[in-house]
J.: 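One structure follows; several queries about it will come next.
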Amino acid sequence: MEKILIIGACGQIGVELTLALRKEYSNQQVIATDIRDEHELLKGTGPYAILNAMDASALLEIIRKEKITQVYLLAAVLSATGEKDPKRAWDINMQSLMQLLDIGVQEKLHKIYWPSSIAVFGTSTPKQNTVQKTIIEPQTVYGISKYAGELWCQYYNDRWGLDVRSLRYPGLISWKSAPGGGTTDYAIEIFHEALRSGHYTSFLDKGTYLPMMYMDDAIRATIELMESPSEKIKSRMSYNVSAMSFSPEEIAAEIRTHIPNFTIDYAPDFRQKIAEGWPQSIDDSAATSDWGWKPEFDLRKMANEMLTHLKG
Ligand code: SER
């Protein structure tokens, strides 16, 4: 029987992934942990513990005590927050991964999931339909830590046969749980502001296209990857996955089909430079051919879901 540990369960991905895995397995088989107090939506749905992702001995203890067989490590410092304190971002992102990989080998974990990001790409990468294997020169500390992490995952798989799996998420759009300091967060804020005040000042400029994905697709991609037979997982770096790509004015136009008086203006800040270093659209054909990935949400469907749920 699989027993799953989620690290970072109260974050943007963690909340929804924990709920989805508890539906798929049983509530008791999925232990949620985070450095923060339990998220409202997790309360009453299954076991919860406080865990600092940097604390290797606490991690080992919970893995042994709960007889954990799979770990999802979601705790990370994202792109925008990372640039404010690069050393701290590097330490948190790398130390949490390295100690888990070691424990994974030592405790013979069945599987580990660790997310990467489109932030691995940089200005030297081709911007349109960016393929999985291409020029990769990340420019943020977040991107550097994700790329280094991908290489370490591949190394542990190659050297010790550790079953680590990974996706390069695009910007993730969700309504249940708040985003945590990313460059793509504007695409969530815009919905909240559209409903609250009818106006949004975007920190990314007009014409800034970025790859994005609705959270339901991201959760399904993650679980499908983790449940695929291991011979189908041909990349032990990280898979490109994609769903849609839009600019601030395009998402604003989509919101206007629901809220006709909605207005947007632009005040780009330091996050503009980060966005300009990333691809505008992603080729995810390797994920499609290796384990059958297919997105379900485009801009129209995603915007409709976001506004319906946020209106309550
Ligand atoms: N959403 C993330 C960020 O903007 C990208 O992985 O940092």
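Index from 1, following the sequence. Just so you know, ligand 1 is whichever comes first in the structure, and atom 1 is the first atom listed for that ligand.
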J.: Go through ligand 1 atom by atom and flag the ones less than 4.0 Å from a non-hydrogen atom of Thr183.
T.: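 Per the distance check, 3 (C), 4 (O), 7 (O).
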J.: Does the Thr130 side chain pair with the main chain of Pro279, one donor and one acceptor, at a distance under 3.5 Å?
T.: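 Side chain of Thr130 to backbone of Pro279: no pair is present.
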J.: Below 4.0 angstrom from a heavy atom of Leu78, which ligand 1 atoms are there? Numbered from 1 as shown, please.
T.: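 Those of ligand 1 that fall under 4.0 Å from Leu78 are 7 (O).
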J.: Using a strict cut-off of 4.0 Å, indicate which atoms of ligand 1 neighbour a heavy atom of Ser117.
T.: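 Answer for ligand 1: 5 (C), 6 (O).
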J.: With rounding to the nearest 0.5 Å, note down the distance linking CG in Leu19 to CG in Leu41.
T.: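 Answer rounded to 0.5 Å: 6.5 Å.
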J.: Quick one: look at Tyr186 and ligand 1, take heavy-atom pairs under 4.0 Å, and tell me if it's side chain, backbone, both or neither.
T.: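 No part of Tyr186 is near ligand 1 at this cut-off.
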J.: Could you point out which residue of Gln29, Glu2, His110 forms a side chain to side chain donor-acceptor pair (under 3.5 Å) with Gln70?
T.: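 Among Gln29, Glu2, His110, the one meeting side chain to side chain donor-acceptor pair (under 3.5 Å) with Gln70 is Glu2.
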J.: Which heavy atom of the protein is the closest neighbour of atom 2 (C) of ligand 1, given with residue, atom name and distance?
T.: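 That would be Thr184 OG1, 3.9 Å.
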J.: One residue to check: Ser79. Relative to ligand 1, which of side chain, backbone, both or neither has a non-hydrogen atom less than 4.0 Å away?
T.: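 Ser79 to ligand 1: contacts from backbone and side chain alike.
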J.: Is Lys65 paired with Glu61 through a side-chain N to carboxylate O contact shorter than 4.0 Å?
T.: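 Salt bridge absent between Glu61 and Lys65.
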J.: Is it true that Ile13 and Met226 fall in one hydrophobic cluster, defined by side-chain heavy atoms closer than 4.5 Å?
T.: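 Cluster IDs for Ile13 and Met226 match.
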